[in-house]
**Student:** 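Sharing a structure with you now.
The shown structure was predicted, so the numbers you read here are calculated from the model rather than taken from an experiment.
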Amino acid sequence: IPQPTVAILGTGTIEKRPKVVKGPEGEDLIAIRTCAHFFLSFDHRVVDGADADRFLGFVKQQLEAIPEPAN
């Protein structure tokens, strides 16, 4: 990571994938969901790993809160 950069957030492609989800009665179902991979590289001298993990968890929560578009 070049100075003075502290972290780099990378994204993979956004695509539809089969995922196991919980049904209304708690059963496992296979559904098609839009998914993406995110990558975080950070300077351990500046950012603690736990803080970086919390940040990625926050990003995940925010993205999952966006409703799926109606077809």
Side-chain angles (χ1 to χ4, degrees):
I1 299 175
Q3 295 292 333
T5 303
V6 175
I8 298 172
L9 178 65
T11 60
T13 59
I14 299 171
E15 58 190 8
K16 292 185 182 279
R17 296 182 181 186
K19 292 289 180 181
V20 177
V21 297
K22 292 287 182 190
E25 297 177 12
E27 72 278 15
D28 289 338
L29 302 171
I30 297 176
I32 304 299
R33 295 288 184 257
T34 303
C35 300
H37 289 283
F38 286 80
F39 313 91
L40 181 64
S41 296
F42 57 95
D43 186 343
H44 286 273
R45 297 171 295 177
V46 180
V47 178
D48 183 55
D51 292 332
D53 184 56
R54 279 192 292 277
F55 171 73
L56 277 181
F58 173 77
V59 170
K60 180 178 183 281
Q61 278 182 326
Q62 297 302 305
L63 291 173
E64 288 177 343
I66 299 171
E68 287 281 333
N71 290 333

**Student:** Going from OG1 on Thr11 to CZ on Phe39, what distance comes out if it is rounded to the nearest 0.5 angstrom?
**Tutor:** 8.0 Å
**Student:** Could I get the full list of side chain to side chain contact (heavy atoms under 4.5 Å, CB included) partners for Glu25, not counting sequence neighbours?
**Tutor:** Glu27
**Student:** Which pair of heavy atoms, one from Val6 and one from Val47, lies closest together, and at what distance?
**Tutor:** CG1-CG2, 3.1 Å
**Student:** Considering residues at least two apart in sequence or located in another chain, which fulfil the side chain to side chain contact (heavy atoms under 4.5 Å, CB included) criterion with Pro67?
**Tutor:** none
**Student:** Identify all side-chain donor-acceptor contacts of residues 48-66 below 3.5 Å with residues at least two apart in sequence or on another chain.
**Tutor:**
residue	atom	partner	partner atom	Å
Asp48	OD2	Ala50	N	3.3
Asp51	OD1	Arg54	NH2	2.3
Lys60	NZ	Glu64	OE1	3.4
Lys60	NZ	Glu64	OE2	3.0

**Student:** Could you tell me which residues satisfy ring-ring contact (aromatic ring centres under 6.0 Å, His included) with His37, sequence neighbours excluded, listed by chain and number?
**Tutor:** none
**Student:** Does Val21 sit in a hydrophobic cluster with other residues, and if so which ones, taking ILVMFWY side chains as linked at heavy-atom separations under 4.5 Å, directly or through other members?
**Tutor:** Leu29
**Student:** For residues Ile30 and Pro18, report the shortest heavy-atom separation together with the two atoms involved.
**Tutor:** CG2-CB, 4.1 Å
**Student:** Only counting residues at least two apart or in another chain, list the ones meeting salt bridge (charged side-chain N to carboxylate O under 4.0 Å, His left out) with Glu15.
**Tutor:** Arg17
